[in-house]
Amino acid sequence: AGDTGARRLNKALGVLVDIERSKRDYENIVSDLLEWIKRSIQMLQSRRFPNSLEKLQLELQKFNEFRSVEKPPKFKEKGDLEASFFNIKTTLLANKRKPYHPPEGKLVQDVDEAWNQLEKAENNRAAALRDEMIRQERLEHLASKFD
């Protein structure tokens, strides 16, 4: 009977250790993702464009690379984060433990709000690049009339 009690206790402790590790991992990933989003928004809000069509096209290429290469893994990370939070909640509930309340600023909805701001900054950047491209093409066309 003593062995059974010890095994149960070990199992319960193992579950608690796993939950604490999951919480710590969740919070670290949230912090990293929010930091990436913040840096990305700052980059996307820049309106200092190069003053040549050729360099502007490189800027557009970097922007498209951000959209197609850098951002998709972060979107997956965001989804994994939501699943992780759900798993923590479910495991706590199944083990009759108190619910998990992430620290201020590290809720799933905080990440969602930041992501929405990122999407908005991305759309604004696309429009600004498009407008600048048109402006520079017009200038180049005007300049060609004087050559």
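- Pairs engaging residues 84-106 under the salt bridge (Lys or Arg N to Asp or Glu O under 4.0 Å) rule: none recorded [sequence neighbours left out].
- The list of ring-ring contact (aromatic ring centres under 6.0 Å, His included) pairs with a residue in residues 33-75, not counting sequence neighbours, reads W36-F66, F75-W115.
- By the 4.5 Å heavy-atom criterion applied to side chains, S22 and Y100 are not counted as neighbours.
- Atom CG of L13 is separated from atom CG of D18 by 11.0 Å, given to the nearest 0.5 angstrom.
- By the rule that hydrophobic residues join a cluster once side-chain heavy atoms approach within less than 4.5 Å of another member, Y26 and F86 end up as members of separate clusters.
- Note on R135 versus E132: salt bridge recorded, some NZ/NE/NH1/NH2 to OD/OE distance being below 4.0 Å.
- In terms of heavy atoms, G105 sits closest to L34 at O-CD1, 3.3 Å.
- Shown here for Q136 and S52, the closest heavy-atom pair between the two residues is OE1-C, 2.9 Å.
- With S31 contributing its side chain and E27 its backbone, the two residues share a donor-acceptor pair below 3.5 Å.
- With rounding to the nearest 0.5 angstrom, the CD atom of Q61 is 12.5 Å from the CG atom of L129.
- Between L56 and E137 the shortest side-chain heavy-atom distance does not fall below 4.5 Å.
- Taking OG from S84 and NZ from K23, the interatomic distance works out to 12.0 Å, rounded to the nearest 0.5 Å.
- Taken to the nearest 0.5 Å, the CG atom of L92 stands 8.5 Å off from the CG atom of L16.
- The minimum heavy-atom distance between T91 and N95, with the atom names listed, is O-ND2, 2.8 Å.
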Please determine whether side chain to side chain contact (heavy atoms under 4.5 Å, CB included) holds for the pair N124 and K120, giving the CA-CA distance in whole Å, both sets of side-chain angles, and the decisive distance to 0.1 Å. CA-CA 6 Å; N124 290 341; K120 194 173 173 182; 4.2 Å; yes

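- With sequence neighbours excluded, no residue forms a salt bridge (charged side-chain N to carboxylate O under 4.0 Å, His left out) with D131.
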Let's go through L118 and L44 carefully: what are the C-alpha distance in whole Å and the side-chain angles of both, what is the deciding distance for side chain to side chain contact (heavy atoms under 4.5 Å, CB included) to 0.1 Å, and is it a yes or a no? CA-CA 8 Å; L118 174 71; L44 291 167; 3.7 Å; yes

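- R67 and P72 make their closest contact through O-CD, 3.3 Å (heavy atoms, listed as atom of the first residue, atom of the second, distance).
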Do E119 and K71 pass the salt bridge (charged side-chain N to carboxylate O under 4.0 Å, His left out) test, and can you show the C-alpha distance, the side-chain angles, and the key distance before you say yes or no? CA-CA 10 Å; E119 299 270 321; K71 187 180 168 198; 2.7 Å; yes

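- You'll find the side chain of E59 stays beyond 4.5 Å of the side chain of M133, heavy atoms only.
- With hydrophobic clusters built from ILVMFWY side chains whose heavy atoms lie under 4.5 angstrom apart, M43 shares a cluster with L33.
- The two atoms that bring I41 and A114 nearest to each other are CD1-O, 4.1 Å, heavy atoms only.
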R21 vs D25, salt bridge (charged side-chain N to carboxylate O under 4.0 Å, His left out): CA-CA, chis, key distance, verdict: CA-CA 6 Å; R21 185 181 308 117; D25 290 348; 5.9 Å; no

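- The backbone N or O of I37 sits nowhere less than 3.5 Å from a side-chain atom of R39 that would complete a donor-acceptor pair.
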Which is it for E77 and L81 under the side chain to side chain contact (heavy atoms under 4.5 Å, CB included) test, yes or no, and what are the steps along the way? CA-CA 6 Å; E77 199 173 292; L81 201 58; 6.0 Å; no

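- Around atom CD of E140, no more than 12 heavy atoms belonging to other residues, nucleotides or ligands sit under 6.0 Å away.
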Run the side chain to side chain contact (heavy atoms under 4.5 Å, CB included) check on V111 and E82 step by step: do they pass? CA-CA 9 Å; V111 175; E82 291 167 3; over 6 Å; no

